[in-house]
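Note sheet for the following structure.
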Number of protein chains: 2
Amino acid sequence: MTHGSTLHEVLIVVFQVRRFPDTHGGTKTELGVLLWQRALDPQAGTWSLPGGRLHDDEDLTTSARRQLAEKVDVREVAHLEQLSVFSDPHRVPGPRTIASTYLGLVPISSDPRLPEDTAWHPVSDLPAMSFDHGIMVENARTRLAAKLSYTNIAFGLAPAEFAMSTLREIYCAALGYQVDATNLQRVLKRRDVLTPTGTTAPSGRAGGRPPALFRFTESRLRVTDEFAALRPPG
Amino acid sequence: MTHGSTLHEVLIVVFQVRRFPDTHGGTKTELGVLLWQRALDPQAGTWSLPGGRLHDDEDLTTSARRQLAEKVDVREVAHLEQLSVFSDPHRVPGPRTIASTYLGLVPISSDPRLPEDTAWHPVSDLPAMSFDHGIMVENARTRLAAKLSYTNIAFGLAPAEFAMSTLREIYCAALGYQVDATNLQRVLKRRDVLTPTGTTAPSGRAGGRPPALFRFTESRLRVTDEFAALRPPG
DNA sequence: GCAAAAGTGTTTCTTGTACACCCATGA
DNA sequence: TCATGGGTGTACAAGAAACACTTTTGC
């Protein structure tokens, strides 16, 4: 009676900074999440995170990559990391299913083809979500915001090379509040997160000084501000 | 073929700050972890984390509490939180088993009775560990150290009321380096983590001023230093 | 030249560290 | 009164936020 038929699924919260239609007919840049709409019951019509059953011969990360491949070109996913596990025995109808959630990041520059039932939604205005998927998105959003502050995780959202104004847009969208480009640059430079490419981009349609281009020094997650307080002596 | 008989286990890394015998016959205060020694194969003689199979009708946290009850009085566990999942298909011999790890904290003041096969080990000098349990301890230690810096998680390691010197000992043991008691008090006071009880303890055997006593303002995890950089404006 | 965008410099504030000095107790 | 531990105050440094000012482009 203690362990009958428990299934295990992987669900991935994929974020990308995108332009979404505004309420006034304009557009606004915001954090978007990849969702697909359930055609069948249970909860037909609600929107779900990409993912599915874990296979016997794969670990969670491998599974996450495989499941994502059904929705987007996986090469577009620049970063993938484990979040928490949802294990309430009644979180979904049917056989007991444990869900391991992942955070996935797609750079702003790419616009992968999506299946018919799949679309990006702004996180500030989610549609009716399936089961506990809404909480999972909230969770992931909080984790992303926290990590933007003390790691180099933004490499997952930024293009290979970018101007500081672009990076600023990305931070603003992901954090949900205004960030000063000047200070952003100073902070990231001091922590050795950014490297100047030495090149500049052409200036925009309205003129203006051509921006210097940067890239992320590393494209693997690194903690850049380990201890806010109680640092080791020395 | 895709989902035959995958099992799920919960493993708990339980920490307590304790006195351990020194190499020179003295004692030193250090972070200890609760382990039990396997009597049977596989890997008989190696030391394992407490835990076991997840039941069909319980979520992970409930399971962790139940499993711990077999080793220690669960009321001693002041804090319990989810860590990461280990899902390599071959992490243990036999049927495929996914492990969800938890971090548990026991206050320095309590000394729970333990079963015959169970003992505290200093994290700096672990015995031969079973399977991937050594990595799990390392993981948990890193997470604890990080959270000591930006949350009030130390409430899980401290007694109900304590002098600053005691709290200092706890931080030193858990972090593995010296912490200044003066500054520790200032940091925690500013963040409103500590509340003075207004009482003092009797001074020690060698005299000295009687220390003021404090307690943790909250005994639930709270983030006390959310953004090191890139704070919201205002 | 003017507007627009990018980049630099300066000031101020907060937070944390280091350390010297004062306080309360037991023997 | 002295050793011992506890507590306070002050000086210093680093990091980050705010904002004014300069530079480089298109028109």
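Below, chains carry the letters A, B, ... as their sequence lines are ordered, and counting in each starts from 1. Heavy atoms only: backbone and side chains are in, while hydrogens, waters and symmetry mates are out.
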Out of [options], which has the shortest distance to the side chain of [X]?
X	options	result
Q185(B)	dT8(D), dA17(D), dT8(C)	dT8(D)
R231(B)	dA17(D), dA6(C), dG6(D)	dA17(D)
P211(B)	dG6(D), dG7(C), dT8(D)	dG6(D)

Provide, to the nearest angstrom, the distance between the [atom1] atom belonging to [X] and the [atom2] atom belonging to [N].
X	N	atom1	atom2	value
E226(B)	dA16(D)	CD	C1'	17 Å
K189(A)	dG15(D)	NZ	C1'	17 Å
L194(A)	dG7(C)	CG	C1'	15 Å
M164(B)	dT8(D)	CE	P	11 Å
R168(B)	dG7(D)	CZ	C1'	14 Å
L184(B)	dG6(D)	CG	C1'	14 Å
L188(A)	dG15(D)	CG	C1'	13 Å
Y171(B)	dG16(C)	OH	P	12 Å

_Closest contact, heavy atoms only, R222(B) versus D192(B)_ =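 Smallest heavy-atom distance, with atoms named: NH1-O, 4.0 Å.
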*Please report the closest heavy-atom contact between V77(A) and G104(A), naming both atoms and the distance.*
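Scanning both residues completely, I find the closest heavy atoms to be CG1-CA, 4.4 Å.
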*Sequence-aligned protein contact record of nucleotides 19-27 of chain D, with B where the base is within under 4.0 Å of a protein heavy atom and S where only the sugar-phosphate is*: B---BBBSS
*Taking the six-membered ring for Trp, are the ring centroids of F216(B) and F162(B) within less than 6.0 Å of each other?*
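Ring centres of F162(B) and F216(B) closer than 6.0 Å.
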*asked:* Below 30° counts as parallel, above 60° as perpendicular, anything between as tilted: where do the rings of Y150(B) and Y150(A) land?
replied: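 Y150(B) vs Y150(A) ring planes: tilted.
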*If each of L230(B) and A212(B) is mapped to the nucleotide of DNA chain D with the nearest heavy atom, which maps nearer the 5' terminus, i.e. the 5' end?*
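That would be A212(B).
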*asked:* Could you check whether R168(B) pairs with D180(B) (Lys NZ or Arg NE/NH1/NH2 to Asp/Glu carboxylate O, under 4.0 Å)?
replied: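 Between D180(B) and R168(B) there is no salt bridge, as every charged N stays at least 4.0 Å from the carboxylate O atoms.
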*Would you say a side-chain N or O of R190(B) is under 4.0 Å from OP1 or OP2 of dT14(C)?*
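So the side chain of R190(B) is outside the cut-off, no N or O lying under 4.0 Å from OP1 or OP2 of dT14(C).
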*If only side-chain N and O atoms of R191(B) are considered, is one of them under 4.0 Å from the OP1 or OP2 phosphate oxygen of dG16(C)?*
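So the side-chain polar atoms of R191(B) do come within 4.0 Å of the phosphate oxygens OP1 or OP2 of dG16(C), strictly under.
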*Mind running salt bridge (charged side-chain N to carboxylate O under 4.0 Å, His left out) on D59(A) and R91(B) for me, showing each step along the way?*
CA-CA 10 Å; D59(A) 65 18; R91(B) 56 171 288 275; over 6 Å; no
*Would E81(B) and K147(B) satisfy salt bridge (charged side-chain N to carboxylate O under 4.0 Å, His left out), going step by step from the backbone distance to the final call?*
CA-CA 12 Å; E81(B) 77 177 58; K147(B) 287 212 167 177; 2.8 Å; yes
